[in-house]
Amino acid sequence: MNPSPVLSIDRLSLEFPVYRGAIHALNGVTLSVGAGEIVGIVGESGSGKSVTAMMAMRLLPATSYRVTAGSLHVLGHDMLTVSERTLSALRGADVAMIFQEPMTALNPTRRIGAAMVEVIRCHRRLSAHDARAHAIALLEDMHIADAAGVLERYPFELSGGMRQRILIALAFSCNPRLLIADEPTTALDVTVQRQVLLLLRERARALGTGVLFISHDMAVVSQLCDRVYVMYAGSVVESGPTADILVRPAHPYTRGLLLGLPESAAPHTPLHTIPGTVPDLSRALCGCPFAARCPDVGPACTLKPELSTAAARAVACHYVHHPEPVA
Ligand SMILES: Nc1ncnc2c1ncn2[C@@H]1O[C@H](COP(=O)(O)OP(=O)(O)O)[C@@H](O)[C@H]1O
Ligand SMILES: [Mg+2]
């Protein structure tokens, strides 16, 4: 593993206080992103992916949550105690974020060029003319033809894929060391999604940016990421190199996610879905969080399995010894 990760989260537990209790959204999450590494988090809706992403940038309102254990560092800064001043410096220059809905992130009443020039001039001392030239160069990096023409458009005049390319171009404009992308391609159709993912990867590789890429879709993560963390009910249940996880998923939950991929299904049969639903996070979980849905559940599962973090590959399951190729 990289000796100085750009993002490192160690056994982080976080809850949202609610009337007479708490939602235990993160239960001991450990993960890291090395410099220049593209790392995925995959898991069903409600598994804690967005809370992890928001927390990495301290974007959750301070009064809304409690950290009950663990630590979180970005570029060596302790994000749980960092000053507001350092936070804004980090957010402006070293860390960038992109989200699912590219329409809401762009002001609908402003032309693309004006919006881009404003962001660029926040980071760099450039004249309006030079900032515009830079905006064109950024769009060309994202393989946008007629970049000068695109600057004259309003967001609603562009396709979702084009808007997301513009936001990715902007995210890379400050040359960030860490990019956090939360479901950035989920609203796009599959072909456009693939193009956008390839561009994201190309830019990250070109600039040496570490990426934390979040998706509920294993197929998307597998196209992009060097390593992947599988999250379930606020815990990491498995992690390892993407290629290895795809061929030898070890955790029964990971196997379930992979069986849901279109390429795993026999022709003309419905896609596999994992029966049951994610656990109620307002109760403290004891035991393995996946036990209630697990096809391989056994007596040991009343104790929560630890994720072994010693090896490149880690699995939190009492009954996994030899990961087998997926059937
Ligand atoms: N502000 C909040 N207050 C209470 N519960 C929240 C809040 N934000 C998220 N949660 C809960 O935390 C859990 C994880 O949510 P989230 O990280 O958004 O999941 P994912 O992104 O994996 O779909 C969910 O059960 C969600 O309902
Ligand atoms: Mg989410």
Side-chain angles (χ1 to χ4, degrees), residues 7 9 11-31 33 39-70 72 79-80 96-105 164 167 171 179-188 193 197 200 211-222 224-225 228-239 245 251 253-254 256-258 260 273-274 276-286 288-290 292-293 304 307 316:
L7 168 66
I9 304 180
R11 283 167 284 186
L12 187 69
S13 293
L14 176 152
E15 60 190 31
F16 295 102
V18 289
Y19 179 65
R20 287 199 189 173
I23 308 284
H24 304 273
L26 302 183
N27 300 300
V29 170
T30 295
L31 63 83
V33 178
V39 172
I41 303 182
V42 69
E44 283 164 296
S45 179
S47 50
K49 305 181 300 295
S50 293
V51 170
T52 304
M54 299 281 280
M55 205 46 209
M57 269 325 289
R58 271 266 305 275
L59 288 171
L60 298 169
T63 52
S64 71
Y65 67 90
R66 270 194 304 253
V67 170
T68 54
L72 196 164
M79 294 303 277
L80 302 182
M97 282 193 84
I98 39 176
F99 299 96
Q100 176 170 348
E101 214 350 280
M103 190 65 205
T104 51
Q164 199 57 293
L167 287 173
L179 172 70
I180 299 173
D182 190 353
E183 308 262 10
T185 59
T186 301
L188 307 177
Q193 177 165 290
L197 291 175
L200 182 94
V211 178
L212 182 65
F213 184 90
I214 290 172
S215 177
H216 66 281
D217 186 343
M218 188 64 122
V220 166
V221 166
S222 66
L224 183 73
C225 300
V228 58
Y229 291 87
V230 181
M231 274 187 81
Y232 186 77
S235 297
V236 172
V237 295
E238 178 162 13
S239 69
I245 297 248
H251 197 283
Y253 179 63
T254 314
L257 287 180
L258 287 173
T273 50
I274 305 170
T277 50
V278 287
D280 176 4
L281 296 175
S282 65
R283 295 153 190 246
L285 282 170
C286 46
C288 173
F290 190 58
R293 299 169 77 185
K304 186 173 177 178
L307 186 77

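Both counts, for ligands and for their atoms, begin at 1 and track the order of listing.
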* To do: Check whether any side-chain N or O of E238 sits under 3.5 Å from a backbone N or O of M231 as a donor-acceptor pair, and report yes or no.
  => no

* Asked: What's the shortest heavy-atom distance between L307 and A316, and which atoms?
  -> CD1-N, 3.6 Å

* Strictly by modelled atom types, are D217 and S215 linked by a side-chain donor-acceptor pair under 3.5 Å? -> no

* Asked: Taking atom CG of L281 and atom NE2 of H24, what is their separation to the nearest 0.5 Å?
  -> 8.5 Å

* Shortest non-hydrogen separation from A25 to F16 and the atoms involved -> CB-CE1, 3.5 Å

* What closest approach, in Å, do L179 and A171 show between heavy atoms, and which atom pair accounts for it? -> CD1-CB, 3.7 Å

* To do: Give me the protein N, O or S atoms that fall under 2.8 Å of the Mg ion (ligand 2), sorted by chain and residue number.
  => S50 OG

* For E44, does its backbone N or O pair with a side-chain atom of K49 as donor and acceptor, under 3.5 Å? -> yes

* Asked: Judged by atom type as modelled, is there a donor-acceptor pair below 3.5 Å linking the side chain of Q164 to the main-chain atoms of P184?
  -> yes

* Structure fact -> In chain-and-number order, ligand 1 lies under 4.0 Å from a heavy atom of each of F16, I23, A25, E44, S45, G46, S47, G48, K49, S50, V51, L281

* Structure fact -> Partner of L14 under side chain to side chain contact (heavy atoms under 4.5 Å, CB included), picked from T68, L60, V29, is L60

